[in-house]
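Have a look at the structure below before the remarks.
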Amino acid sequence: MTSLSADDSYLDHYGFSHDPFAARVPGFKFFPAQRKPVLGQLHHLARYSQLLLVVTGPEGSGKTLLRQALVASSNKQAVMSVVITPQGTADSSAVLQQIGQALNIQHADFDGVMAQIVQLALTGQEVYLLVDDAEQLTGAAVETLLRLAAGSPEARPHVFLFGEDSLVSRLEALVEGEERFHVIALQPYEEDETREYLAQRLEGAGAGLETLSEEQIARIHEQSGGWPGAINLVAREELIEAIKHSKTRKTVKGWPFPLPMKHLLAVLAVLCIIAVAFLLRGGEDEPEVQMNTPLALGNASRSAPESAASPVMPPESPSKIEFETPAAAEPANTDSALTTAVEPANDVSKENSATTAHQDGAAPSPAVTQKEAPAPVVQPAPEPVVPETPAPKTPEVVRPAAQPAPAASAHSAWYAEQGGNRYLVQILGTRTEKNAQTLVAQRGSDYRYFVKEHEGKPLYVVTFGNFANRAAALAAIKTLPAALQSGKPWARSFASVQKEMRK
């Protein structure tokens, strides 16, 4: 167990009213369909069999819950139930003492207990002796309970032992081949029963089964083997691990550098120095790229005293740079609209580049001609006129339209109008609304869907029916087509759906 699981700090994270997977939750009663035949069998054997009855299963298999159900379902006017819970190893005298206290016997020995049981039988009242954790009984205590189960011709108590599998081998050694007890071995939950168990536990704590993902539910069932006690442990650890992973992701996204602040500032300072050096180096290289234009302007200015009529060449048009830059920065994966908008700009760029290249090679620079010609007589000349170069038009880039937010389900109002204590069957969840619409259209009017947010994205949840209680919803699952049953649908309340939709 982690330190987080020890202090139950995950209650605030999930908004639980209490720990849904604590070993003992007051008022929690989950009795799956497979346990009901076992309960009926115990009542039948208690009425018609004279054997000691043994219920076995590993720790956390639900033996205590079955014992509670047996007591609760017995006729209180006709049956007196005596529950014995050993505190550590219990011998014969300790067992008889507990029975005597329950039956108000002063001398709690074997004969005194049997005499009281006979008196109760004469008044029409039977006695059930139910022992929890029976594997803690000593051999003498087990032998005493076997004698009580055999009883006398006048009366006998009905003895039920609830314990682990090791109890059976001890009983077999005591009876030496005689038929004096009957064993009922509990079976683990099926996956759909595990799902129902988790849902009921979470709903009791103010949450719902959506707290766990499908992968987590499958993992819980596999690792627990379907035993309820192990389901509690594994489910609790799954919730705790999910919190730890979410905190790790937030830490990585928010501050991925574990260095001290002063070290980070030193690194940033070095990076700034490198960036400044790079910019200075880039500034030194720039005159080499544009050498022709400043040279021509410089020669013309130096020749001005000799000839005021020398023409001044305008700087080279920057159209080539302006049009090539957007094309070079174009992302690799773009929509067709973006590509179409950029391609004409590239054609213009090619034409401008070709024109510039042709002008460069057609004739020598006027500045060079000026140096070779003899100096003319100085004449007053008008101010040189520099032709204006129109600024190139930056090609308009068409950006892909933003994706619209997912529309709310057409059935949202219907879900909101239903009573919160009614139930439905959740069929599946899908990230694509069209899939949900198709399934609803194919299956009929009893199928609807709503949208909720899951992990920051919309999830479209398809549901079936509207039932008065949970039992009716569970019964409806068995009537669904096999293709839908394979997806493990489950029953949930409208209150939980309405809560998700509000979120």
Side-chain angles (χ1 to χ4, degrees), residues 191-192 195-196 198-199 202-203 207-219 221 242 245-246 249 331-341 397-420 422-467 470 472-503:
E191 186 170 351
D192 58 340
R195 183 186 297 273
E196 294 173 18
L198 291 170
L202 289 167
E203 288 176 4
L209 189 60
E210 66 277 1
T211 306
L212 296 166
S213 66
E214 290 298 321
E215 293 78 7
Q216 286 177 310
I217 295 173
R219 193 158 52 241
H221 178 73
H245 287 315
S246 66
R249 287 193 298 269
N333 296 324
T334 57
D335 294 338
S336 59
L338 179 59
T339 305
T340 304
V397 179
V398 179
R399 300 186 180 277
Q403 295 295 329
S409 165
H411 306 127
S412 298
W414 181 84
Y415 288 101
E417 293 170 356
Q418 307 309 312
R422 296 184 68 82
Y423 279 77
L424 51 74
V425 175
Q426 179 165 319
I427 302 297
L428 56 84
T430 175
R431 292 291 186 190
T432 306
E433 185 174 17
K434 185 176 181 181
N435 294 343
Q437 293 173 341
T438 301
L439 179 59
V440 169
Q442 290 176 348
R443 295 295 178 179
S445 58
D446 286 336
Y447 292 81
R448 296 175 176 83
Y449 75 94
F450 67 92
V451 62
K452 71 172 185 176
E453 182 177 313
H454 180 66
E455 296 179 354
K457 299 179 181 179
L459 183 70
Y460 302 94
V461 182
V462 179
T463 67
F464 168 74
N466 182 349
F467 305 97
R470 182 183 182 84
L474 293 175
I477 292 176
K478 299 178 181 180
T479 66
L480 293 174
L484 296 183
Q485 289 193 36
S486 63
K488 303 298 181 183
W490 54 285
R492 60 181 303 189
S493 65
F494 273 93
S496 65
V497 172
Q498 292 161 358
K499 181 178 178 182
E500 285 185 350
M501 292 172 63
R502 286 194 296 270
K503 289 182 181 179

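These numbers come from a predicted model, not from an experiment.
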Rounded to the nearest 0.5 Å, what's the gap from [atom1] on [X] to [atom2] on [Y]? Could you check?
| X | Y | atom1 | atom2 | answer |
| --- | --- | --- | --- | --- |
| Y415 | L424 | OH | CG | 6.5 Å |
| L480 | Y447 | CG | OH | 5.0 Å |
| I477 | L484 | CD1 | CG | 11.0 Å |
| W490 | L198 | CH2 | CG | 10.5 Å |
| E210 | K452 | CD | NZ | 5.0 Å |
| T438 | E433 | OG1 | CD | 10.5 Å |

Identify the two heavy atoms, one from [X] and one from [Y], that lie closest to each other, and give their separation to 0.1 Å.
| X | Y | answer |
| --- | --- | --- |
| L459 | G429 | CD1-C, 3.9 Å |
| I217 | R195 | CD1-NH1, 3.8 Å |
| T479 | A476 | OG1-O, 2.6 Å |

Full working for side chain to side chain contact (heavy atoms under 4.5 Å, CB included) between Y460 and V440:
CA-CA 11 Å; Y460 302 94; V440 169; over 6 Å; no
Answer yes when R492 and E500 have at least one side-chain N-carboxylate O distance shorter than 4.0 Å, and no when they do not.
yes
H411 ring center within less than 6.0 Å of F450 ring center:
no
Begin with the C-alpha distance, continue with both residues' side-chain angles, and end with the deciding distance and a verdict on side chain to side chain contact (heavy atoms under 4.5 Å, CB included) for L428 and L439.
CA-CA 10 Å; L428 56 84; L439 179 59; 3.7 Å; yes
Any chance you could lay out the side chain to side chain contact (heavy atoms under 4.5 Å, CB included) test for L474 and Y423, step after step, and finish with the verdict?
CA-CA 9 Å; L474 293 175; Y423 279 77; over 6 Å; no
Let's go through V461 and V497 carefully: what are the C-alpha distance in whole Å and the side-chain angles of both, what is the deciding distance for side chain to side chain contact (heavy atoms under 4.5 Å, CB included) to 0.1 Å, and is it a yes or a no?
CA-CA 10 Å; V461 182; V497 172; over 6 Å; no
Considering residues at least two apart in sequence or located in another chain, which fulfil the salt bridge (charged side-chain N to carboxylate O under 4.0 Å, His left out) criterion with R470?
E203
Using the test salt bridge (charged side-chain N to carboxylate O under 4.0 Å, His left out), find all partners of R443 that sit at least two apart in sequence or belong to another chain.
none
Looking only at atom types and distance, does a side-chain atom of [X] sit under 3.5 Å from a main-chain N or O of [Y], one as donor and one as acceptor?
| X | Y | result |
| --- | --- | --- |
| Q498 | Q418 | yes |
| R431 | P458 | yes |
| T430 | T432 | yes |

